[in-house]
Structures are given as structure tokens and as C-alpha cells.
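Next up is a structure, given as C-alpha cells.
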Amino acid sequence: MAGFVASDSDSPPDVALLDFVRDVVRMSAGTNSLKVFKKDCTDLVRRIVLLTHLFQEIRDFNGVQFRPVHTSCSSSSSSSSSSSSSSGSDSSPSPWLCDLVAALKDTKRLVFIASTFRSCSSSSEEVTRKILFQFQCVTLKLENALGNLPYDRFDISEEVQEQVELVRAQMRRAAEKYGSLTAIPPSVVQSQLLKKNMDMLNLNNWADNFDVEENGVVDHEITVKFDEFPNCRGFMNNGVDQLIFEGLEKKLPSSSEACSDGQDASTKKSGDQVKNSDGVSIPDDFLCPISLEIMRDPVIVSTGQTYERSYVQRWIDCGNTTCPKTQQKLQNLTLTPNYVLRSLITQWCVDHNIEQPTGLTNGKIKKCDGSYRDVCEEMAAIETLVRKLTSHSIAEQRASVTEIRSLSKRSTDNRILIAEAGAIPNLVNLLTAADVLIQENAVTSILNLSIYENNKGLIMLAGAVPSIVQVLRVGSMEARENAAATLFSLSLADENRIIIGASGATPALVDLLETGSPRGKKDAATALFNLCIYQGNKGRAVRAGIIPALLRMLNVSGNSMVDEALTIMSVLASHQEAKVAMVKASTIPVLIDLLRTGLARNKENAAAILLALCKRDTDNLSCISRLGAKIPLTELSKSGTERAKRKATSLLEHLGKLQQL
């Protein structure tokens with residue numbers, strides 16, 4: 001039994017972090033579908049596995065000498081401020097490292113307990129609640145520890161930082177879910193110590209009171225086999241860890257949420273069946289194997305497996321050529337709609353009175369108070385308008401699309417009904433209409449409809465992007481503005497950024513950024529920023545000439561879009577092609593001038609961009625040194641925003657090292 005708390009205290013901390021990952025995965029590998037907390041363990045371990053890249057970069061960094069972290073190193077209450085003040089040469093381990101190691105040890109202990117627990121006694125319900133509370137505690141402790149990481153000190157890449165922030169966001173949401181189960185808000189849990197709560201479980205007598213199956217999980221000689229832990233498959237390669245992580249962390253309840261308050265824990269099912277909030281079991285065949293959500297647009301891949309279109313498309317777009325579920329080689333990348341399954345899912349939702357993804361059920365829409373409103377008359381009127389969109393009369397088309405634009409602006413209910421009436425494909429067809437007014441109203445209607453999240457997928461499914469890009473290129477100024485705003489709205493979904501970026505939208509957006517109206521420039525900037533979050537679109541933006549365009553915005557006196565230009569630059573600065581383009585365009589002197597004269601937000605972004613340009617580049621460091629950046633950086637490190645202080649301090653450290661060479 002003691003094996004699960006075996007200490008890694010004598011290992012170098014950078015190595016010990018990876019050891020914790022391997023230990024946690026090994027312990028959970030023996031969890032079978034009969035375990036009460038199978039899904040809870042799987043979710044928690046998946047998040048830990050996603051930190052592997054972070055721990056590897058910490059391990060591979062040579063600039064900090066670690067001291068061993070002993071068992072006495074525990075979470076510090078002041079850890080939130082420690083990351084910026086601790087030094088690699090301190091005589092004791094940094095508080096951020098103590099917090100992280102303590103959180104990982106607690107995770108290791110909890111996974112062992114939860115993965116070996118089975119409900120088999122009258123007191124098991126009470127213990128189940130206590131273990132759920134431990135999941136809440138551990139999740140919050142990990143989220144807090146990750147929030148104090150000194151990224152700059154370890155030269156952590158931008159991609160890994162984004163992944164860690166994603167993990168933190170998922171942990172915050174998970175903690176809130178556990179809070180709803182335990183009736184203990186996260187703010188209260190923050191003040192609790194996990195070890196104290198663990199003691200309530202009376203671990204010394206655990207084996208006497210409950211049925212514990214060790215299954216060899218504490219054998220430290222066991223080699224980790226990821227094949228025995230199917231939900232980890234694919235996390236560590238091909239760059240798809242974020243895809244799987246996001247997909248599996250969506251809206252379905254955990255194993256503990258699937259039961260009503262009065263159920264005994266022994267009746268819960270984790271993994272074999274999923275239940276909605278009303279206790280209705282959802283057939284496994286209706287769930288996407290990637291997202292674990294009810295499929296709205298099921299498609300079949302060449303292996304015969306069915307997935308939700310958006311999730312399997314993202315899998316393929318990330319460079320994978322195997323079936324996510326079977327790991328078989330895909331003979332082709334064709335996605336064939338599964339109309340039969342889609343029809344069965346729709347009928348099943350109607351039969352069980354379950355709200356479908358469209359939000360419309362049996363001619364009724366659910367109101368915010370939980371009751372339903374009959375919309376049959378409204379639906380009939382909208383269907384009439386939709387039919388007129390295909391009329392041979394230009395005047396009738398113009399009148400109907402104008403009315404749909406007005407309706408789609410008014411309410412979410414209208415956006416649901418218009419999409420349900422089949423308007424989206426017809427509106428997409430009108431994007432290429434010769435009539436300017438029809439085109440303007442069509443693209444604006446699509447923009448309004450895209451505000452409702454579920455409509456985004458329908459718009460993409462209708463093949464709207466190429467036509468929207470065409471409007472962006474040659475439409476009227478109002479149509480171009482709204483086309484850019486539509487691309488921004490659609491790009492809020494991660495998978496859509498890839499499709500939009502590959503559609504040729506970037507050059508058209510850059511052109512609007514330079515030549516558009518003030519509103520058009522704003523719309524183009526927000527769309528470009530969102531698209532460039534995806535690494536593959538950064539090179540496209542650079543090749544489209546975005547760097548000179550942004551630089552001109554910075555050089556124009558009184559330009560109201562300096563903030564937008566710097567924000568986009570800060571996103572691009574992690575891309576090598578963008579770095580070269582920035583240096584070639586003489587961006588560095590402009591950024592240093594902003595350090596002296598810009599607003600607080602501008603100084604912050606300028607420092608962040610300069611830091612990205614100067615990392616691992618002595619030529620750029622020498623350049624900012626010659627241009628006198630040290631004085632404004634010193635001032636910024638004392639009086640800037642918290643982020644600006646960190647960036648400026650890191651740059652000053654790099655400059656100090658350069659002078660020592």
C-alpha cells in the first residue's frame with residue numbers, strides 16, 4: 001500500500017516531474033470499467049499527460065540549476081507571487097516548484113485511491129463524496145500551481161504555453177463541475193489542504209474497510225504501456241494532443257454527474273454508458289468517439305468508423321492518417337455523411353424529449369426558465385421567407401433576404417428557427433448574387449446567424465467560406481466589412497481556423513486591413529488575430545504581407561489601431577518566418593520607440609514582441625542594445641503592468657548575459 005506515496009524527492013526536480021507523469025499513468029492503467037471513478041481518473045490523468053511537453057522543455061533547459069525537492073517542500077500560500085521573485089540560484093527550491101511537486105504528489109495519491117476503490121459497503125456513499133471532494137481539491141491545486149510557472153526563465157515555447165493555459169482552463173471548469181456535486185464552491189476549496197482531507201479517508205484502514213484491488217499498479221518496475229490506456233493514445237505524437245483534449249473535455253457529465261442525488265454510488269456507470277441530466281442512457285453508437293457528445297453531423301471514414309465531422313476533420317487536418325479509434329491506416333481521407341445514423345439520432349432525441357443540437361424540439365424552443373414556447377406559427381412564417389430566397393423574382397429575393405437579416409438580428413430564437421428552416425444553404429447561394437443589396441443582406445444574415453454557436457457548424461457544412469472570401473475580395477465596403485466579421489465569428493471554433501486559413505482569406509483580410517474603412521480595418525484585424533492563433537496560418541499571414549501593413553499602422557501618427565497592430569504582432573512573433581520579416585522591415589526601432597512613448601498596453605506588447613525576437617538571437621539582442629533599449633526597459637520593469645514587468649525583466653537578463661560574453 002505504501003508504494004503509491006513513494007517519494008521522488010532525491011531525483012532532480014526536472015526529471016521528477018516526468019516521473020510523476022509516468023507513475024500517474026501507470027496507476028490508472030489498471031482501472032477498468034467497473035470502477036466508480038474511472039472517468040474522473042481518466043480525465044485527470046489526461047490533463048497530466050498533456051503537461052509532458054512542458055516538463056520536457058523544463059528538463060532540457062540548461063539555464064537553471066535545480067536543487068533536490070525534499071518531502072518537506074510543500075505548497076506555499078504565497079506561491080502566487082513567488083514565480084517572479086524566486087531565482088534559479090536560490091539556496092532552497094523555488095516556491096512555484098514546491099507547489100507543483102506537492103500538487104502532483106497529491107494527484108498520484110488520489111489516482112491510486114480512486115482507481116482501486118469499489119462501492120461495496122453501506123458507508124461507500126459517504127466515501128464517494130469525500131473522494132469527489134479530493135478531485136475538486138487536486139484540480140484546483142494543479143491549476144494554481146500551473147498559474148505560477150515562470151515561463152520566461154525556462155524559455156518555454158509559445159505553443160507549450162498555450163497548451164498549459166488550455167489545461168488550466170479545463171481544470172477550472174472541472175473544479176466548478178465538482179463544486180456543483182459537492183455543494184462546496186471552489187473559493188472555499190482553495191483554502192483546504194488536500195492531505196488533511198485525505199486523512200478523513202483513514203487510509204491506514206482502507207484495505208480492511210473496502211475492497212481494494214492493487215493489480216500490481218504500485219510496482220515501480222512496470223513499464224508504462226500507453227496501449228493499455230486508450231485515452232492517452234495519440235497524446236504524445238503528431239501534435240494532436242490539444243485536439244483530443246478539447247474534444248473529450250466538452251459538456252458530457254462525469255461518471256459522478258450521471259446519477260441523481262438519491263442514487264447509490266454502486267449504480268453509477270462510467271465509460272460503458274453515458275446518461276443525460278434526466279438519467280436517460282444515450283446509446284454509445286450516437287456518441288462521437290472523440291468528443292463523447294451526441295453527433296449532429298456524423299460521417300464515416302474509410303475504416304467504417306463514424307465520427308462527428310468537425311472533430312475527425314480536425315484530427316485529419318493535424319496530419320494524422322490513422323483512424324482515431326482503431327489506429328488503422330486510413331486508405332483515403334474521404335468523409336461520407338452517415339444519413340441513416342443522423343436520422344436515428346434525431347428521432348431518438350424526439351422520442352426521449354431531449355433537446356437536439358439545434359435547440360428546437362417538436363416545434364418548441366426551450367426558454368431560459370426551463371419551460372418551452374410554441375413557435376409553430378413563427379416557424380411557418382420563416383419557412384415561407386426561406387422559400388422566397390430561391391424565387392426567380394429579384395424583388396422577392398431582395399425582400400425576403402432583407403427580412404431574414406432583420407429577424408436574425410433580433411434574437412437567438414430567430415437564429416435557431418431560421419437555421420432550422422434551411423435558410424443557410426440558400427443564403428450561401430445568394431452570396432454570389434449580382435444584386436449588391438442582396439449580397440450585402442445575405443452576408444450580414446450569415447453573420448447574425450453565426451452568433452448562435454450551433455449555427456457555425458451548419459454554415460461551414462454549407463461550404464460558405466469560399467463565397468464569403470469572394471465577397472471579402474470584391475464586394476461593396478459594407479459587404480466586405482461584414483464578410484470579415486463573419487470570418488472572425490466562424491474562426492472562434494478552432495477547427496474552422498484551419499479551413500478559413502486554407503481558403504485564401506488571409507490576403508483579402510490583409511488588403512481590407514490596409515484599404516478598408518475604419519470599421520472594416522477593425523473587423524479585418526480581429527479576424528486576422530483569431531486566425532493567427534493557429535500556427536499554420538501565421539506563415540500565410542506573413543506571406544500575404546501582414547508585417548509591412550502592421551508596421552505602417554504603427555508609424556502613422558495618431559492611428560487608433562496601434563493596439564490591434566501590436567496584438568497581432570505579438571501573436572506572430574513566435575513564428576520564425578514572422579521574426580525574419582519583422583527584422584527585415586526594421587520593426588525593432590519602432591518597438592523601442594513605443595517603449596518610450598507608448599501607452600501602458602502598447603509598452604507591454606512591444607516588450608513581449610522584442611523578447612520573442614531576441615530569444616536565441618544575439619544579433620537582435622545586440623541591435624536593441626545599440627538602440628538604447630536598456631533605459632526604457634529598466635523603467636518598464638519598475639512601473640509597467642505585471643506582464644510588462646516580466647517581459648522587460650527577462651529582456652534585461654538577456655542583455656546582461658550578452659554583455660558577459
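What you are looking at is a predicted structure, and each value in this text was computed from that prediction instead of being measured. Values below: all heavy atoms of this structure, side chains included; hydrogens, waters and symmetry mates excluded.
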Should Asn605 and Arg643 be marked as a side-chain hydrogen bond (donor to acceptor under 3.5 Å, both in side chains) after you check the CA-CA gap, both sets of side-chain angles, and the distance that decides it? CA-CA 9 Å; Asn605 278 325; Arg643 178 171 177 255; 3.3 Å; yes

Any side-chain donor-acceptor pair under 3.5 Å between Arg540 and Asn537? yes

Run the salt-bridge test on Lys538 and Glu577 with the 4.0 Å N-O cut-off and return the result as yes or no. no

So, for Ala433 and Gln439, which heavy atoms are closest and what is the spacing to 0.1 Å? O-NE2, 3.9 Å

Shortest non-hydrogen contact from Ile424 to Ala419? CD1-CB, 3.9 Å

Can you check whether Lys522's main-chain N or O pairs, donor with acceptor, with Thr526's side chain at less than 3.5 Å? yes

Within a reach of under 6.0 Å around NZ of Lys615, are more than 12 heavy atoms found that belong to other residues, nucleotides or ligands? yes

Identify whether the distance between the nearest side-chain nitrogen and carboxylate oxygen of Glu604 and Lys647 falls below 4.0 Å. no

So which atom in Lys603 and which in Leu595 form the shortest heavy-atom distance, rounded to 0.1 Å? CE-O, 3.3 Å

Any side-chain donor paired with an acceptor under 3.5 Å for Thr306 and Asn338? yes

Salt-bridge present (Glu478, Arg405; N to O < 4.0 Å): yes

With sequence neighbours left out, write down each residue that passes side chain to side chain donor-acceptor pair (under 3.5 Å) with Thr567, or none if nothing qualifies. none

Pair Ser491, Asn496: side-chain N/O donor-acceptor within cut-off below 3.5 Å: no

Non-hydrogen atoms of Ala421 and Ile382 that approach each other most closely: CB-CG2, 3.8 Å

So that I can tick it off, tell me whether Glu378 and Arg373 are bridged by a salt bridge, with the cut-off set at under 4.0 angstrom between side-chain N and carboxylate O. yes

Name all residues meeting the side chain to side chain donor-acceptor pair (under 3.5 Å) criterion together with Gln328; count only those two or more places apart in sequence or in a different chain, and write none if there are none. Thr326

If you compare all heavy atoms of Ala565 against all heavy atoms of Leu554, which two are closest, and at what distance to 0.1 Å? CB-CD2, 3.9 Å

Begin from the C-alpha positions of Ser391 and Glu396 and carry the test side-chain hydrogen bond (donor to acceptor under 3.5 Å, both in side chains) through to its verdict. CA-CA 7 Å; Ser391 170; Glu396 205 167 60; 2.6 Å; yes

Side chain to side chain contact (heavy atoms under 4.5 Å, CB included), that's the test. Do Leu572 and Met582 meet it? Break it down for me. CA-CA 10 Å; Leu572 293 170; Met582 288 182 193; 4.0 Å; yes

Going by distance alone, is a donor N or O of one side chain under 3.5 Å from an acceptor N or O of the other, for Glu440 and Ser476? yes

